[in-house]
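Structure, as structure tokens:
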Amino acid sequence: LPSSKHPGRAPCRRSATYNPRIVTKALFVLYLVVILTGIVFYLVIGGMQR
Amino acid sequence: MMRRRLRENGLALVFFALFLGSLVGQALTGHHDFNQDQLAHDSSPISMWRYLTSSAYGVAVLENWQSEYLQFTLYIVATVWLLQRGSPESKPLDQAGLQSDRQQRVGRNANRESPRWARTGGLRTLLYSNSLLIVMGLLWMGSWAAQAVTGRVEYNATQLEHGQSPVPLGDYVMSADFWERTLQNWQSEFLAIGSMAILSVYLRQRGSPESKPVGAPHAVTGAES
């Protein structure tokens, strides 16, 4: 079916796996992992050596 | 599709890249500076990996992390109750406090698109209602603790170099060194927050959500504009 917003233009083909929020979720996890890794790393390693 | 994904996540992506670039820059310059100091003290220079895993680098990174997370933690909680007439950073003057369930769309007031934990009620909704503050607060306390651990090792290394005795962690967190490192970071964060709250009453940046619309009156507070 043609897109109702853009008559005449072919509708976008959506892949079954396309989820625009997946990058946002991945970034949410990335930030948490980076900050938690930094904290735990220096709590453990940073306390051992100058 | 890729372009759209980048566009929709520009803030998180660009600031992550800036973070990595600055962290690498700090490592390169810090390593150079550390080794200059080693040579000046007739000690051997250390490798980059050894520097990255050192308390010297750790304390320099974490004393800044803790102050940033404290800044946001305080800002999140302070702006629930504290207001600033004319500032886009403040809620409207009659909205101080936790607001009603209806305004916050929790429990029966949640809609189909609300997060699940906003709908369920009870402990889960209570936790979710404060989840940003809880997580930012934990990150602040975690990075502050890591600053204390790494700062102590660094402090003790200097103590030993000068023939003085090392101190336990409990003594270090009461020391001038720990509090000087902490407060030099806090003061700048508090000044920046206060500046933003008050400068944004009279100054504008067209197009920025951190600013009121250019034509908004100075007296208009927060979402009233």
Side-chain angles (χ1 to χ4, degrees), chain A, chain B residues 1-2 4-16 19-20 23 34 38 43 46 50-66 68-69 135-136 138-161 166 169 172:
Chain A
L1 292 172
S3 157
S4 57
K5 274 189 182 169
H6 304 283
R9 191 195 285 182
C12 299
R13 274 181 53 180
R14 282 179 166 245
S15 98
T17 56
Y18 177 63
N19 176 356
R21 290 180 194 158
I22 199 160
V23 179
T24 308
K25 279 185 186 165
L27 283 165
F28 177 82
V29 173
L30 175 72
Y31 269 80
L32 279 179
V33 166
V34 166
I35 173 86
L36 286 172
T37 305
I39 290 170
V40 172
F41 183 82
Y42 286 107
L43 269 175
V44 177
I45 301 291
M48 289 184 193
Q49 58 184 15
R50 184 184 191 186
Chain B
M1 196 155 75
M2 181 59 117
R4 181 179 155 197
R5 285 181 174 181
L6 292 177
R7 199 177 99 88
E8 288 180 356
N9 294 283
L11 269 175
L13 284 168
V14 165
F15 278 90
F16 194 77
F19 158 68
L20 281 184
L23 196 68
F34 188 91
Q38 288 287 96
S43 305
I46 61 171
R50 179 66 186 74
Y51 178 68
L52 289 177
T53 56
S54 72
S55 58
Y57 183 65
V59 72
V61 170
L62 286 154
E63 70 179 45
N64 286 283
W65 281 16
Q66 63 86 5
E68 303 303 332
Y69 282 100
V135 170
M136 296 298 262
L138 287 175
L139 295 179
W140 165 54
M141 286 189 276
S143 44
W144 202 20
Q147 179 204 323
V149 166
T150 49
R152 171 183 165 248
V153 175
E154 185 59 13
Y155 179 77
N156 281 345
T158 315
Q159 288 285 95
L160 292 168
E161 266 174 16
L169 188 61
Y172 178 69

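Within every chain, numbering begins at 1; the chains are lettered A, B, ... in the order of the sequence lines, protein sequences first and strands thereafter.
Every residue was checked against the side chain to side chain donor-acceptor pair (under 3.5 Å) condition with B:W65, not counting sequence neighbours, and none meets it. Annotation: side-chain contact (heavy atoms from CB on, under 4.5 Å) contacts of A:A26 (sequence neighbours excluded): none.
Using a 4.5 Å cut-off between heavy atoms, B:Y155 makes no contact with chain A at all. The part of B:F19 that comes within reach of chain A is its side chain, from C-beta onward, which places non-hydrogen atoms under 4.5 angstrom from that chain. Using a 4.5 Å cut-off between heavy atoms, B:L62 touches chain A through its side chain atoms alone. Heavy-atom distances place the side chain of A:L27, and not its backbone, under 4.5 Å from chain B. Contacts between B:V61 and chain A at a heavy-atom distance below 4.5 Å are absent for every atom of the residue.
Under the 4.5 Å side-chain criterion, counting only non-hydrogen atoms from C-beta, B:Y57 is not in contact with B:T150.
The shortest heavy-atom contact between A:V23 and B:R5 is CG2-CD, 3.4 Å.
In this structure, the separation between CG on A:L30 and CZ on B:F16 is 4.0 Å, given to the nearest 0.5 Å.
Contact count versus chain B (heavy atoms, under 4.5 Å) is highest, among A:L32, A:L36, A:V34, A:V40, for A:V34.
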